[in-house]
Amino acid sequence: MEEKLAEYFQLSFAFQYNDSYDKNNARSFCNNIRTAGGGSHVSGFESGLFEVCKELIIKDNPNLELEPSDVSVGLTAIVSVRIKDPEFAGQTKDRLANREVREKTKRFTQELVSGFFQDNAATAKLIKEKIIDNAKLRLHLREEQDIFQGGKKSLDLIKVLSGSEENEEIFFVEGKSAGGSAEEGRDVKTQTVLALQGKPPNALKLVRRVLQNKQIQNILLALGFAESKGLLKNNYVRFRPLLEQPVLDEELTLPEELVYEEEEEKKVIAADTPLNFEQLTIVVRETLKNLLSRANFKKIILMADPDDDGAHIVVLLMTFIFRYLPYLIEGGKVFVAVPPLYRVQTKKQVLYFYSDQELEVYRQNNPLEERKIERIKGLGQMDASELFESTMDPNQRRLYKVHITD
Amino acid sequence: MGTKSDKRKEYLEKRYYREAALTISEGQKVNLINLLLVNLLRYGHAVVEDRALTEIYDGLKPVQRRILFALYQLGITPNKPEVTSANIIGKAMAD
């Protein structure tokens, strides 16, 4: 038990380590009131303890990367503060909210605990061993997770992709509800659906944060470009713009030799030798082929609502693809789906119309027919079978292929 | 001002965008630039016209006006007792 008095501030805490791997065994009090939700005093105590332990351990093990969670495993503690004007937050008001308490608690904890460790070297050593043990266990568990599940990243993928064996097409669908019905209505053998939530970031604006964005990561994972290595730095990205230039003004070399097949013969372009224009063309072509074979899908289809926001989402996604995966466009893999605008129900059949003009033409040709015309405002409005029929069915749907010309 | 805005200005002055329409060439192909231009124009137009800017007549954005209209439909005026917000949300979103 250790105490420190300051102006309207009293901190008392006690802690003990044991062999167990329990977490969150800390009880905390503020002015004798139990704070079950923790709060600023608990987080201050934990970070203070972490700083001290880190200092203690890093001396002997400079390579070990400690995380705050390592310190709290096997820790049993009681933290109690007495302060003026406590404020409580959370729905049940069981969390201390005063901000200044965190800094104070952290400072005093550091002071007191490091003093304690100096006075009781034997105990400090035991605690040190326990924390190192925790850190090693954590690293080991993470490794195992990586091996068995292909890393934390693919966990996301399983969630968003409902697995199909022959992945021929992938749909990026706007909104969760439309994603749900698309998933239900899709052709299970050939179509995969990835539901996007909200708008993707503008790839030309927030260049650094784009690749950290969850949606973008999901897209990349789904496409099979999970390692962003090789995504931006490859021979295609490097040399493609140069093909448009009439004259090469600098000497270009390859960092690694490139092996390719032409007319069933293996040919090699050696590394670190200057390239001529023909070789450059070959390099770009081969890299493109290589990159395309890495992509999991034959067709990448963007499917957004036929409204203004849908148009925006298509713009944002295309910007991202253009900026980061331009070879997909050049390879002719990117498509835009065209959802219907109108559904016309006659006595015999259901028809879908994809633009106002088409509907008008139909109206003039069949002026006297009995029918019900319905305007479709979003993908989520249609149910699964309708969605498949009108926008996803390879035999009936409308699909625009995106290509680049100047 | 600046190299970037000069380009933009030049582009706007040419007024290409006025005739922008999605052109679909043979084999159901669309040009990326055309697609982006048309879609972005549509979105930009929609945002400026009925989302982000206040009307000069009442100083309200469409969403705000929508809420006031819902209040009017429910007959909620300053002299009436209070109503839960959930009711109003329901009314504003329903029709």
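Taking 4.0 Å as the cut-off between side-chain N and carboxylate O, Arg343(A) and Glu386(A) count as a salt-bridged pair.
Chain B forms the most heavy-atom pairs under 4.5 Å with one residue out of Leu399(A), Val314(A), Leu316(A), and that residue is Leu399(A).
In this structure, Arg375(A) forms a cation-pi arrangement with Tyr342(A), its terminal cationic atom sitting closer than 6.0 Å to the ring centre and no more than 45° off the ring axis. For the pair Lys299(A) and Phe335(A), the distance from NZ or CZ to the six-membered ring centre is under 6.0 Å and the angle to the ring normal is within 45 degrees.
For chain B, the nearby part of Ile329(A) is the side chain; its heavy atoms alone come within less than 4.5 Å. Heavy atoms of Val334(A) lying under 4.5 Å from chain B are absent altogether. Within the 4.5 angstrom heavy-atom criterion, only side-chain atoms of Phe322(A), from C-beta onward, approach chain B.
Note that the CZ atom of Arg323(A) and the CG atom of Asn202(A) stand 11.0 Å from one another [nearest 0.5 Å].
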